[in-house]
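Structure record follows, encoded as structure tokens.
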Amino acid sequence: MSSEPFPVEISGKTQEPSAGEQQFLRFSLLPDTTAILPVNQMTEVLNIPLGQIVPIPHMPPWVMGVYNWRGEVLWLVDLGHLVGLTPIYQEHSSRSYYSAIVIHHHHIHKEQKTVARKTLGLVVNQVEDMEWCNPDWIQSSLETNINSQLVPFLRGFWLKEDGEIFIVLDGNSMIANMPQSQSNFS
């Protein structure tokens with residue numbers, strides 16, 4: 001995926017980025033939580049039909065299982081459940097698919113002179129739209145209580161001009177904080 005910004009069609013008009021802005025994907029978690037992730041940490045967004053996720057026993061409850069993604073094993077995590085919000089299985093919906101955001105992280109092993117690529121699928125309630133945000137606008141914390149399960153993956157909060165508040169997540173922290181005993185996350 002290219003890291004170059006490109007115009008985004010939002011609400012019928014094209015938005016151009018201002019100086020210093022980066023592109024983020026906006027999505028929702030239950031209940032009533034809107035979050036964003038940097039686009040440069042993502043590979044793609046998938047719609048996975050129900051029944052296509054293979055559960056794996058003896059995993060943390062937020063691990064939904066694995067999915068055959070272009071012939072590779074993609075681990076899928078219920079992001080809401082991982083960060084202490086409502087698990088997706090408790091959602092009252094008649095959906096026929098899950099929305100998953102595929103994130104990636106490249107780790108450079110300097111001593112071995114190799115690069116390891118890890119991917120992870122984040123199942124979310126709904127993928128919504130794209131947002132342009134200057135990273136300087138992201139605040140490190142709010143004066144409200146923060147769920148302790150969210151803290152390891154939290155980059156900060158963004159208060160948009162119209163008053164909307166977005167949780168800004170960090171995909172690299174999510175991959176880095178997966179339990180090492182489940183090193184099968186690839």
Side-chain angles (χ1 to χ4, degrees), residues 1-6 8 17 20-29 35-85 88 97-135 138 149-156 158 166-186:
M1 172 177 278
S2 171
S3 61
E4 292 295 316
F6 52 89
V8 178
E21 288 186 329
Q22 294 179 355
Q23 200 169 27
F24 290 77
L25 179 69
R26 185 179 74 212
F27 55 94
S28 66
L29 301 171
I36 58 175
L37 265 171
V39 168
N40 64 6
Q41 295 178 347
M42 299 172 28
T43 302
E44 68 179 291
V45 175
L46 304 172
N47 288 324
I48 301 174
L50 299 181
Q52 295 291 309
I53 299 173
V54 178
I56 303 295
H58 311 295
M59 290 286 148
W62 38 264
V63 175
M64 296 181 71
V66 295
Y67 173 69
N68 182 352
W69 178 54
R70 300 179 185 170
E72 294 182 29
V73 174
L74 177 67
W75 286 88
L76 292 168
V77 169
D78 179 346
L79 182 58
H81 198 180
L82 175 67
V83 300
L85 299 173
I88 206 148
Y97 63 89
Y98 291 113
S99 295
I101 303 166
V102 181
I103 60 172
H104 63 267
H105 177 68
H106 294 95
H107 180 74
I108 300 171
H109 299 279
K110 292 181 180 177
E111 295 174 6
Q112 300 169 354
K113 298 181 181 176
T114 60
V115 176
R117 182 176 192 264
K118 294 184 175 187
T119 56
L120 181 66
L122 306 173
V123 176
V124 299
N125 179 49
Q126 183 178 5
V127 174
E128 296 180 353
D129 212 339
M130 305 301 274
E131 296 283 346
W132 288 101
C133 173
N134 187 323
I138 298 172
Q149 293 174 275
L150 174 63
V151 171
F153 317 113
L154 185 64
R155 183 171 166 186
W158 175 36
F166 300 126
I167 294 172
V168 184
L169 298 173
D170 181 41
N172 293 336
S173 296
M174 288 183 206
I175 291 175
N177 283 299
M178 287 294 111
Q180 295 304 310
S181 61
Q182 280 91 39
S183 60
N184 294 331
F185 290 102
S186 58

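Source: prediction; values computed, not measured. Heavy-atom basis, side chains included; hydrogens, waters and symmetry copies ignored.
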Query raised in the report: Side chains of Ile167 and Leu29: does their closest heavy-atom pair fall under 4.5 Å?
Result: no
Query raised in the report: Which atom pair, heavy atoms only, marks the closest approach of Gly171 to Gln41?
Result: N-OE1, 2.6 Å
**Report entry** Flag side-chain contact, heavy atom, 4.5 Å: Met130 against Leu25
**Finding:** yes
Query raised in the report: Is there a side-chain contact between Ile48 and Tyr97 (heavy atoms, below 4.5 Å)?
Result: no
Query raised in the report: Can you tell if the side chain of Phe27 reaches within under 4.5 Å of the side chain of Asn125, non-hydrogen atoms only?
Result: no
Query raised in the report: Which pair of non-hydrogen atoms, one from Leu169 and one from Leu37, has the smallest distance, and what is that distance?
Result: O-CD2, 3.6 Å
Requested in this report: Might you point out which heavy atoms bring Gly84 and Gln149 nearest each other, and give the distance in Å?
Outcome: CA-OE1, 3.2 Å
**Report entry** Minimal non-hydrogen separation, Ile138 against Cys133, with atom names
**Finding:** CG1-SG, 4.0 Å
**Report entry** Taking every non-hydrogen atom, the tightest pair across Arg155 and Gln22
**Finding:** NH2-OE1, 4.3 Å
Query raised in the report: Any side-chain heavy atom of Met59 sitting closer than 4.5 Å to one from Trp75?
Result: yes
Query raised in the report: Can you tell me how far CD of Gln23 sits from CH2 of Trp132, rounded to the nearest 0.5 angstrom?
Result: 4.0 Å
Report task. Would you mind reporting whether His58 and Val63 have side-chain heavy atoms less than 4.5 Å apart? Result -> no
Query raised in the report: Taking atom CD1 of Ile103 and atom CG of Leu122, what is their separation to the nearest 0.5 Å?
Result: 4.0 Å
Requested in this report: Mind checking the CG-CG spacing from Leu85 to Asp78? Nearest 0.5 Å is all I need.
Outcome: 9.5 Å
Query raised in the report: For Gly20 and Pro135, which heavy atoms make the closest approach, and how far apart are they?
Result: O-CD, 3.3 Å
Query raised in the report: Going by heavy atoms in the side chains, are Thr119 and Trp69 under 4.5 Å from each other?
Result: yes
Query - Rounded distance (nearest 0.5 Å) linking atom CG of Leu79 with atom CZ of Phe153 - result: 8.5 Å
**Report entry** Side-chain touch Met64/Ile88, heavy atoms, less than 4.5 angstrom
**Finding:** yes
Query raised in the report: In Å, rounded to the nearest 0.5 Å, how long is the span from CD1 of Ile175 to CG of Asp170?
Result: 9.5 Å
Report task. Carefully, step by step, assess Asn47 and Ser99 under the rule side-chain contact (heavy atoms from CB on, under 4.5 Å). Result -> CA-CA 5 Å; Asn47 288 324; Ser99 295; 3.6 Å; yes
Query raised in the report: When rounded to the nearest 0.5 angstrom, what distance separates CG in Leu120 from CG in Leu74?
Result: 7.0 Å
Query raised in the report: Do we see a donor-acceptor contact under 3.5 Å between the side chains of Asn68 and Gln52?
Result: no
